[in-house]
Amino acid sequence: MSAYSVVDWHDGHEGYRCGYCKSPNTNYSHGMSAYKLTVADYQDLIDRGWRRSGTYVYKPTMKKTCCPQYTIRCDARAFNLSRSHKKVIKRVNKYLNFGTISDKNEHSDEVSHPSASDYPQRDFDTANVDVEGGNEVPKLATVDRKLSPKAVENKSVAAAAAPNSGVDTVRHHHPKPGIGADPTKPKCMKAKLQRLEKKKLKAEAVVVPTTDTVQTDCLNKTKVKEKKSLEDHLGDVIDTPVHKLEVRLVRSSPKSAEFDQHVESSHDVYFKYQTVIHGDPPDKPTLRQYTRFLVESPLQQEAKDDVLPHGFGSFHQHYILDGKIIAVGVLDILPKCVSSVYLYYDPDYSFLSLGTYSALRELALTRELHRICPDISYYYMGFYIDSCPKMRYKGQYDPSYLLCPEVYSWHKIDECRKKLDVHRYSRFAEPNISDKDSDVELNDVLVLHQREVMSYGVYRSKKSRVTDKKSVSLYAHLVGNALAKRMLLYRS
């Protein structure tokens with residue numbers, strides 16, 4: 001039975017508080033407790049819009065919930081660094097290399113991951129939902145502009161009109177009338193016209209290139225076109241930096257020895273993050289709540305032909321600065337992707353934009369794993385919520401794709417945004433395409449009853465009275481035909 005996933009469906013579908021629009025009871029989702037999940041089954045679940053919070057797996061009711069949540073992923077193989085991403089990496093590297101701390105007013109692109117209580121947790125003690133915190137409000141920068149000659153003249157006239165103001169006045173000597181511009185000198189032109197004239201003269205000076213000059217020009221052009229990769233930017237650290245940053249991937253479920261060694265210091269960072277960034281009361285982010293939310297996982301540890309050093313499953317990625325944990329990324333490594341679960345950090349290091357920096361590090365990890373295991377190609381960032389401005393930041397990682405909530409096909413985010421600008425909920429696939437995996441023969445659904453694996457049809461024949469047909473049908477429809485015949489639905 002070790003090869004099976006075992007889940008327990010929850011029939012309740014009541015509304016709960018939304019952390020995005022703050023509505024008290026308009027956030028809807030279906031869910032199930034997962035006792036065990038194979039990484040292959042969870043991969044297929046997230047590709048149908050599901051997501052886990054600890055051992056609770058949920059799927060937003062897209063047509064009913066107030067803020068529709070679309071699964072988003074980035075193709076790590078073709079990832080394009082944006083200008084703001086480069087600035088974040090440069091900021092971190094400057095701090096590591098020289099100890100330089102950038103002025104907080106210089107960057108306002110940092111957005112933290114959602115609060116722990118933004119996730120549905122039927123079986124958890126984090127019932128309240130807080131909107132994503134840790135955002136820095138951009139301030140208008142002051143710009144020094146040179147005064148134009150006309151402005152200088154006006155300023156001088158104003159100063160001359162106020163001789164008692166204590167301001168030094170400038171006396172202008174107007175030139176005497178003459179015969180005009182000197183005809184022996186070139187005409188006076190604006191700077192832009194001068195540049196255009198020089199460009200024209202340069203183009204007219206035709207030079208026949210030699211073989212050597214052509215080769216040199218080609219080499220120079222090749223050098224110009226070469227772009228630094230994500231890994232090049234992240235690795236731009238000197239041999240003897242002022243600060244040392246280590247990024248370590250440790251298995252969290254089942255707990256590795258290294259994880260147990262650092263669990264207290266990791267929880268200390270989590271406690272500080274939740275209370276400072278998200279305003280949780282001190283009695284909320286306890287070690288027990290932390291363990292249930294970010295440590296316990298239904299994913300089963302699996303090796304990959306001794307190719308992947310850590311195998312598949314659930315992990316914590318520690319960011320260790322000068323021997324001290326300052327941030328932790330909670331990750332699932334699956335057959336086709338690296339899935340980000342959560343990120344928390346020490347608020348004292350907010351100036352490093354650790355939310356963005358950790359996402360770039362996780363993209364780099366995905367690319368590294370892809371070189372070892374080519375099937376791992378995507379970086380999943382959870383849910384994209386277009387109706388919530390604070391959650392649109394996930395779309396900045398190019399190229400990104402959203403999952404169609406009806407047929408579960410992937411579509412470029414730019415195309416999806418056009419539809420989402422009109423309606424909060426939208427289907428992205430063409431009208432003539434349907435979800436073939438939603439057609440399920442109810443009697444073929446696999447169940448686990450009294451420690452015995454059987455079809456739902458056999459289970460019904462064993463029971464004198466069956467009242468769960470409607471809920472089993474809904475479960476099978478939402479997980480899809482393939483998973484309904486592969487996972488075990490627990491029946492008492």
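Computed from a predicted structure; not experimentally measured.
Under the 4.5 Å side-chain criterion, counting only non-hydrogen atoms from C-beta, V263 is not in contact with H316. M62 has its side chain within reach of Y70: a pair of non-hydrogen atoms, C-beta onward, lies under 4.5 Å apart. Proximity of R52 to S314: side-chain heavy atoms (C-beta onward) are separated by under 4.5 Å at one or more points. Here the side chains of Y384 and R392 are in contact, with some heavy-atom distance below 4.5 Å. When side chains are defined from C-beta on, R48 counts as touching D437, because their heavy atoms get closer than 4.5 Å. A 4.5 Å side-chain heavy-atom check between L360 and I89 finds at least one atom pair inside the cut-off. Using a 4.5 Å heavy-atom threshold, the side chains of Q289 and K284 count as separate. In this structure the side chain of Y401 reaches within 4.5 angstrom of the side chain of K412, judged on heavy atoms.
Side-chain contact annotation: Y290 with Y344, donor-acceptor N/O pair under 3.5 Å present. The closest side-chain donor-acceptor pair between Y459 and E452, if any, does not fall under 3.5 angstrom. S297 and S253 share no side-chain donor-acceptor pair at under 3.5 Å. With 3.5 Å as the limit, one finds a donor-acceptor pair spanning the side chains of T61 and H13. For the 3.5 Å distance criterion, the side chains of Y456 and D468 qualify, holding a donor opposite an acceptor. With no hydrogens or angles considered, a side-chain donor-acceptor pair links T65 and N27 at under 3.5 Å. At a cut-off of 3.5 Å, with distance as the only test, a side-chain donor of Y380 or R73 sits close to an acceptor on the other residue. Side chain to side chain, D435 and Y408 fail the donor-acceptor criterion of an N or O pair below 3.5 Å. For T275 and D280, the side-chain atoms include no donor-acceptor pair closer than 3.5 Å. Defined by atom type and a distance below 3.5 Å, a donor-acceptor pair is missing between the side-chain atoms of Y95 and S102. In the model, T356 has no side-chain atom that pairs as donor or acceptor with a side-chain atom of H85 under 3.5 Å.
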Derivation and outcome, side-chain hydrogen bond (donor to acceptor under 3.5 Å, both in side chains), residues S265 and D268: CA-CA 5 Å; S265 55; D268 289 342; over 6 Å; no
Step-by-step side-chain contact (heavy atoms from CB on, under 4.5 Å) determination, V479 to D44: CA-CA 9 Å; V479 301; D44 289 347; over 6 Å; no
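Y270 and F293 have tilted rings, their planes meeting at an angle from 30° to 60° on a 0 to 90° scale. Using bins of under 30°, 30° to 60° and over 60° for the plane-to-plane angle, the ring pair H267/F271 lands in the tilted bin. Between H30 and W9, the ring planes are parallel. Angles under 30° get that label, and only those over 60° would be called perpendicular.
Heavy atoms from other residues, nucleotides or ligands lying under 6.0 Å from NE2 of H423 number 12 at most. Annotation for K419: atom NZ counts as buried by contact number, over 12 foreign heavy atoms lying within 6.0 Å. Around the NZ atom of K63, the shell of radius 6.0 Å holds no more than 12 heavy atoms that belong to other residues, nucleotides or ligands. Heavy atoms from other residues, nucleotides or ligands lying under 6.0 Å from NE2 of H477 number 12 at most.
Residues Y345 and Y319 place their aromatic rings such that the two centres sit no closer than 6.0 Å. Remark: aromatic rings of Y379 and F79 are distant, center separation not under 6.0 Å.
Shown here for V39 and I333, the closest heavy-atom pair between the two residues is CG1-O, 4.3 Å. Considering all non-hydrogen atoms of both residues, A484 and V440 come closest at CB-CG1, 4.3 Å. Of all heavy-atom pairs between R486 and L446, the closest is O-CD1, 4.3 Å. Counting all heavy atoms, side chain and backbone alike, P309 lies closest to I372 at CD-CD1, 4.3 Å. For T71 against F383, the heavy-atom pair with the smallest separation is OG1-CE2, 3.5 Å.
One distance of note links OG of S340 with CG of L365; it measures 11.0 Å at 0.5 Å rounding. If you take OG on S358 and CG on L352, they are separated by 11.5 Å, rounding to the nearest 0.5 Å. Expressed to the nearest 0.5 Å, how far OH of Y397 lies from CG of L81 amounts to 10.5 Å. Residue L308 holds its CG atom at 11.0 Å from CD of E302, rounded to the nearest 0.5 Å. The structure places OG of S438 at 10.5 Å from CD of E406, a figure rounded to the nearest 0.5 Å.
With hydrogens and angles ignored, the 3.5 Å screen pairs a side-chain donor or acceptor of H370 with a backbone N or O of I376. Between the R424 side chain and the D386 main chain, no donor and acceptor come within less than 3.5 Å of each other. Not a single donor-acceptor pair under 3.5 Å links the side chain of R460 to the backbone N or O of K463. Side-chain N or O atoms of S400 include none that pairs as donor or acceptor with a backbone N or O of Q396 at under 3.5 Å. Checking side-chain atoms of D232 against main-chain N and O of S229 turns up a donor-acceptor pair under 3.5 Å. A side-chain donor-acceptor contact under 3.5 Å links S377 to the backbone of P374. A distance-only check finds no donor-acceptor pair linking the side chain of S426 to the backbone of L420 [under 3.5 Å]. One N or O on the side chain of R367 and one on the backbone of A76 form a donor-acceptor pair closer than 3.5 Å. Without hydrogens or angle criteria, S256 side chain to R251 main chain gives a donor-acceptor distance under 3.5 Å. The backbone N or O of M381 sits less than 3.5 Å from a side-chain atom of K394, completing a donor-acceptor pair.
Looking at K336 and D47, no side-chain N of the basic residue comes within less than 4.0 Å of a carboxylate O on the acidic one, giving no salt bridge. A salt bridge between R417 and D414 is present, with a side-chain N of the basic residue lying under 4.0 Å from a carboxylate O of the acidic one. With respect to the salt-bridge test (charged N to carboxylate O, under 4.0 angstrom), the residues D348 and K272 qualify.
For the pair R77 and Y378, the cation-pi test (distance below 6.0 Å, angle within 45°) is passed.
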